[in-house]
2 protein chains.
Amino acid sequence: MQASTASKQVTPTDELTRALGDLVRYLLVCTGRDTFRAIDDLGLSLTQIKAAQLLAEAEAPVSLGDIGEHLGLSLPAMSRAVDGLVKRGLVTREEDPADRRSKRIVITRRGRRLYERIYEIRAAGVRAFVDGLDPDHRDALLDGLRPIVRDLP
Amino acid sequence: MQASTASKQVTPTDELTRALGDLVRYLLVCTGRDTFRAIDDLGLSLTQIKAAQLLAEAEAPVSLGDIGEHLGLSLPAMSRAVDGLVKRGLVTREEDPADRRSKRIVITRRGRRLYERIYEIRAAGVRAFVDGLDPDHRDALLDGLRPIVRDLP
DNA sequence: TATTGTTATACTCTATAACTATA
DNA sequence: TATAGTTATAGAGTATAACAATA
């Protein structure tokens, strides 16, 4: 707990916070452009892509309300968004036999392919950034990142 | 260029791409929640916050068209967004003496304070993540990040 | 009576088109 | 005639309210 007359003390936490903030911001710009354009070209909304992502990664059946809760959106908004996905054959919507008020939303093979394509576009932006790194820097970053990413929830 | 019978070859580039992608995604979730809620509570749109950020970081005078171009939005959309910012006293909008068709948008002291508050909320999310790291991991990540962030555009 | 989802309606944000003022 | 910005209007996406079906 070092005291200092000025408030210029920069701790490792401060420095890392700033570094991570800058990096995330930069990567978002890199990867966002192409991704948003691709989604737009598909005629899908961001909400629909997020829903597809949730469904692609879900392990248990997912109801409409589940999706809305995860995405922080209202039930009507999800109903409409899923409606569009159903019409395009990207997901299916069926009554839950255990509770017929509820609907089970399941991604189709076509929906999964579409989601993976979007994922690849995003990854390509990150990859372009990584490819531009000095190999030594790249390896050092990987070393620093490996144990942290391993523990992400 | 090692050949392999399977396609399981994972290069450092692959691994780092994935690690960075995962980290960015995780940090976005952490920092996005509070930030979006704060913006919403202020009654401002995301566009208005982005405009404020651009203006807060701008070094030269900025026209309405400049903002729209940077943000990828139409002139009418920017006009409306800036209108709201002017009404709240967060920016000023004045004729450019050199070309009276053009307007110079300038952030006010109050606008700058507001932008910094939002920035702090976002940074707080990153900081919470950093605080949760094992100190050794934290320092290793900082070492890996330092030369890279230094060279960001 | 409570809950899941859908439909009706209003609001916000955006874009295109039409317009004004200046170059 | 071309350009910077504003105003008018339409479309997409969201939320609240009202509704239907099931628990």
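So you know, we letter chains A, B, ... as the sequences are listed, proteins then strands, and number each from 1.
Among residues two or more places apart in sequence or in another chain, the side chain to side chain donor-acceptor pair (under 3.5 Å) test is passed with B:Arg25 by A:Glu57. Residues meeting the side chain to side chain donor-acceptor pair (under 3.5 Å) test with A:Ser79, sequence neighbours left out: none. Scored by the salt bridge (Lys or Arg N to Asp or Glu O under 4.0 Å) test, B:Asp134 finds no partners at all (sequence neighbours excluded). Residues passing the side chain to side chain donor-acceptor pair (under 3.5 Å) test with A:Thr108, sequence neighbours excluded: none. In terms of the side chain to side chain donor-acceptor pair (under 3.5 Å) criterion, B:Arg113 has no residue partners (sequence neighbours excluded).
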Return all side-chain donor-acceptor pairs below 3.5 angstrom for residues 117-131 of chain A, not counting sequence neighbours, or 'none' if the list is empty.
from, atom 1, to, atom 2, distance (Å)
A:Arg127, NH1, B:Asp14, OD1, 2.7
A:Arg127, NH2, B:Asp14, OD1, 3.4

Would you be so kind as to tabulate the donor-acceptor pairs closer than 3.5 Å made by side chains of residues 138-153 of chain A, with sequence neighbours excluded?
from, atom 1, to, atom 2, distance (Å)
A:Asp143, OD1, A:Arg146, NH1, 3.3
A:Arg146, NE, B:Glu15, OE2, 2.7
A:Arg146, NH2, B:Glu15, OE1, 3.2

Kindly list each side-chain donor-acceptor pair under 3.5 angstrom involving residues 80-97 of chain A, sequence neighbours excluded, with atom names and distances?
from, atom 1, to, atom 2, distance (Å)
A:Asp83, OD1, A:Arg93, NH1, 3.1
A:Asp83, OD1, A:Arg93, NH2, 2.8
A:Asp83, OD2, A:Lys87, NZ, 3.2
A:Arg88, NH1, A:Leu42, O, 3.4
A:Arg88, NH2, A:Gly43, O, 3.3
A:Thr92, OG1, A:Val106, O, 3.4
A:Glu95, OE1, A:Arg100, NE, 3.3
A:Asp96, OD1, A:Ala98, N, 2.8

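In this structure, the side chain of A:His70 engages the main chain of A:Asp66 through a donor-acceptor pair within 3.5 Å.
In this structure, CZ of A:Phe36 is placed 13 Å from P of C:dT14, rounded to the nearest angstrom.
A 4.0 Å heavy-atom criterion places the boundary nucleotides of DNA chain D facing chain A at D:dG13 to D:dA23, written 5' to 3'.
The stretch residues 87-107 of chain B touches DNA chain D through B:Arg93, B:Arg101, B:Ser102, B:Lys103, each having a heavy atom within less than 4.0 Å of the strand. Taken residue by residue, residues 55-74 of chain A places heavy atoms nearer than 4.0 Å to DNA chain C at A:Ser63, A:Leu64, A:Gly65.
Positionally, the nearest nucleotide of DNA chain D for B:Met78 lies more toward the 5' end than for the other of B:Met78 and A:Leu75.
Grouping Ile, Leu, Val, Met, Phe, Trp and Tyr by side-chain contacts under 4.5 Å, direct or through others, leaves B:Leu75 on its own.
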